[in-house]
S.K.: 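The structure follows.
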Protein chains: 2
Amino acid sequence: MGSGYVTLEQVARHAGVSLATASRVLNGSTRHVGRSLHERVTASAHELGYLANASAQTLARNTSSLVGLIVHDIADPYFSSIASGVTRTAEDEGLVVVLGTTGRTPQRELELLATLRSHRARAVVLAGSRTIEEETTRRLADEITALGARGGRIACVSQEGLPADTVVPSNRDGAAELARHLIGLGHRRFALLAGPNNLRTARDRLDGFHSALSAAGIELDPRNVVHGAFTRDGGYESTRRLLSAETDATCLFAVNDVMATGAVAALRDGGLQVPRDMSVAGFDDIPTLRDLTPGLTTVRLPLEWMGEEAARLALDDDEHTEPRTVPVSGEVVVRASTAPPADA
Amino acid sequence: MGSGYVTLEQVARHAGVSLATASRVLNGSTRHVGRSLHERVTASAHELGYLANASAQTLARNTSSLVGLIVHDIADPYFSSIASGVTRTAEDEGLVVVLGTTGRTPQRELELLATLRSHRARAVVLAGSRTIEEETTRRLADEITALGARGGRIACVSQEGLPADTVVPSNRDGAAELARHLIGLGHRRFALLAGPNNLRTARDRLDGFHSALSAAGIELDPRNVVHGAFTRDGGYESTRRLLSAETDATCLFAVNDVMATGAVAALRDGGLQVPRDMSVAGFDDIPTLRDLTPGLTTVRLPLEWMGEEAARLALDDDEHTEPRTVPVSGEVVVRASTAPPADA
DNA sequence: CGAACTGCGGAAAATGTTTTCCCGACCTCG
DNA sequence: CGAGGTCGGGAAAACATTTTCCGCAGTTCG
């Protein structure tokens, strides 16, 4: 049947009760309704096939059941892992996730935030990694406070510095520890696939790696640091450039796993063997990439858990004046893509 | 300042015009508003920081800007590729995607559909693959007609048989063509990772493969057909079982790439080399898995495009009495994971 | 036995928009 | 100059709920 619109009023009339009573029965309320009326209402609702109008409820209650999730690219396994965690917590709470993708443009991120605000989203998880530009960060902070002025709460993954709760992976320390491991293997000449110049996550990992090198008294040849897109193809492309510049590096660190994947492909296409001719390491430990051959040495982040936790932060409505921070430590995972250098 | 709620009424009062005029200026309308008032309203709106309340608009217009997307598991690259396509079209149209995950339970799928209906979603893309059970299919069909009775349109990816537009990959033909290629390599004894018994996609691929074998006069040893989860670990597990049963197969077909990935890992852990000791083929050509070694022979589906197309079908509001079907052909991609059998 | 309280039901206001009427002003054409 | 038309503006109804307030009955307590 389902001929269209069954409203609460029709249900109330059919059951011979008032709108108020029907509302109290069918959607939660603090108040009790007598047994007989209660049954009459549920029976009518079922018979007519009543389904509450979510917009009307949102309007009347002035709070929705929507949780926003903003990522750069949902096809990127890094983000889809986080998304998986976010949806899990949200759905466990009976909420619905609205997904926005930025395509890595800060402008789009602001638009999405405004859209979510206009939908009265109860919470938002911002998983896109921030750029280092002042201007956009400032406008983002404005949007966030605007959203906070309504009931909406927001949580970020991976970027401190915004006025919001944040799940912060140890990009710096993880990369440093990875670097120490690689140094321990005997490597002294490193190449770095640094990703985009303005991405904070990329910068932090780079910094961490770099500082560990410095601490060990290792110089980094600037020609061995190459910037490019934060994607598989970006990694491939950057590695090609390294090779055509005849790099002297024995070990290559890509700031994330997907770039490292591209790097391995480029090395292979260039006739080099991993790890015999070049060791390769990444960051993230993307589940889908764990079956690569050789297995990628990387820094494991619990991505799904980070998504879950961010959603929890955003949903939990405790009072807290200061933005909270949940640190997440990365664990170095050693696999076959790294080995002592040939000349060691 | 964004101290909270700025309503259209406040804007109207601030600009000294009626609610109607303010509405016509700020949100589209067929009617024109005089130049001076127009400017006054936009100025006031900007000054006060007005942002329309989406629920109120949905309620008044009786149509929302939401597009539903239902998948089994957003962390699965198959679904995240499709999701990427869906979000792209939706966002191009200025719409917002709400994402629901079923965890592969049909019951949850129905719940999500009801939720989306209650939100007056303008369109829904159903990407989860259907089971073969009559009962759930029937109830799903009911939900779909209920949604259609409102303005909502729905489109499916991959499963014909529901009263909705569908993007249909050639699971059967693709698998058959793949089988013919493998037979051409000289294989005669095949093992099949069949996935879950009740999943239509899995069944169709299996059927296609099987029919090509039959056509070539090849018998399939039932002990070489093993069922398991539609996941990487399912593939791993199933392959272990094959190996411990001392399969005589020379070529293994997994009904999707993620299972094939698990299979390759299990073979390697079992001391077998791919393709020397066993050829392996999959289905889908998941982008993230293209860098596997050896490269996986598979059937390529344009997953992102399929998502885009499904969203287009669901959004396009032409009249059409019959459900439409968009066939998508898969292309066999030969890579290094398959080779002639050792005894050929 | 009356006053205060409690439990349950309904009327109606409130939520923030869109949209349908209606009305007045101006314009055009016969 | 008047009839008919268009154009721009506003009042108010509609949209589907929730929630506040009011009142009635029955109960309890002093």
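In the text below, chain A, chain B and the rest are named by the order of the sequence lines, each starting its count at 1. Values below: all heavy atoms of this structure, side chains included; hydrogens, waters and symmetry mates excluded. The structure displayed is predicted, hence computed values, not measured ones.
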S.K.: Which pairs pass ring pair (Phe, Tyr, Trp, His ring centres under 6.0 Å) with one or both residues in residues 33-69 of chain A, sequence neighbours excluded?
M.R.: none
S.K.: Tell me the interatomic distance from B/Arg120, atom CZ, to D/dC15, atom P, rounded to whole angstroms.
M.R.: 12 Å
S.K.: Please evaluate residues A/Ser18 and A/Thr21 with respect to the criterion side-chain hydrogen bond (donor to acceptor under 3.5 Å, both in side chains), reporting the C-alpha separation (whole Å), side-chain torsions for both, the decisive distance (0.1 Å), and the verdict.
M.R.: CA-CA 5 Å; A/Ser18 76; A/Thr21 304; 3.2 Å; yes
S.K.: For A/Asn62 and D/dT17, what is the distance between atoms CG and C1' respectively, to the nearest whole Å?
M.R.: 13 Å
S.K.: With ring pair (Phe, Tyr, Trp, His ring centres under 6.0 Å) as the rule and sequence neighbours excluded, what pairs involving residues 132-168 of chain B come up?
M.R.: none
S.K.: Keeping to residues at least two apart or across chains, list the ring pair (Phe, Tyr, Trp, His ring centres under 6.0 Å) pairs with something in residues 96-136 of chain B.
M.R.: none
S.K.: Would you say the side-chain atoms of B/Glu91 pair up with the backbone N or O of A/Thr101, donor to acceptor, closer than 3.5 Å?
M.R.: yes
S.K.: Please state how far atom OH in B/Tyr5 lies from atom C1' in C/dA14, giving the value in whole angstrom units.
M.R.: 14 Å
S.K.: Tell me which residues in residues 41-61 of chain A lie within less than 4.0 Å of DNA chain C, going by non-hydrogen atoms.
M.R.: A/Leu59, A/Ala60
S.K.: Side-chain N or O of A/Ser23 less than 4.0 angstrom from OP1 or OP2 on D/dT18?
M.R.: yes
S.K.: Show me, pair by pair, the donor-acceptor contacts under 3.5 angstrom made by side chains of residues 60-69 of chain B, not counting sequence neighbours?
M.R.:
residue, atom, partner, partner atom, Å
B/Asn62, ND2, A/Tyr5, OH, 2.8
B/Ser64, OG, B/Leu66, N, 3.1
B/Ser64, OG, B/Arg120, O, 2.8

S.K.: Indicate for each nucleotide in nucleotides 8-13 of chain C, in 5' to 3' sequence, whether protein heavy atoms under 4.0 Å reach the base (B), only the sugar-phosphate (S), or nothing (-).
M.R.: BBBB--
S.K.: Using modelled atom types only, decide if a donor and an acceptor are shared between the side chain of A/Asp165 and the backbone of A/Pro323 within a distance under 3.5 Å.
M.R.: no
S.K.: Figure out the CZ/C1' separation between B/Arg13 and D/dG10, and round it to whole Å.
M.R.: 15 Å
S.K.: Is A/Thr166 reaching over with its side chain to a backbone N or O of A/Leu162, donor-acceptor style, under 3.5 angstrom?
M.R.: no
S.K.: Decide yes or no on side-chain hydrogen bond (donor to acceptor under 3.5 Å, both in side chains) for A/Thr115 and A/Ser118, but give the supporting numbers first.
M.R.: CA-CA 5 Å; A/Thr115 304; A/Ser118 95; 5.8 Å; no
S.K.: Strictly below 4.0 Å: does A/Asn27 bring a side-chain N or O up to OP1 or OP2 of D/dT18?
M.R.: yes
S.K.: Check the distance between D/dA14's P and B/Leu8's CG and give it to me in whole angstrom.
M.R.: 20 Å
S.K.: Using whole Å, what does the distance between atom C1' of nucleotide D/dA16 and atom CG of A/Leu26 come to?
M.R.: 13 Å
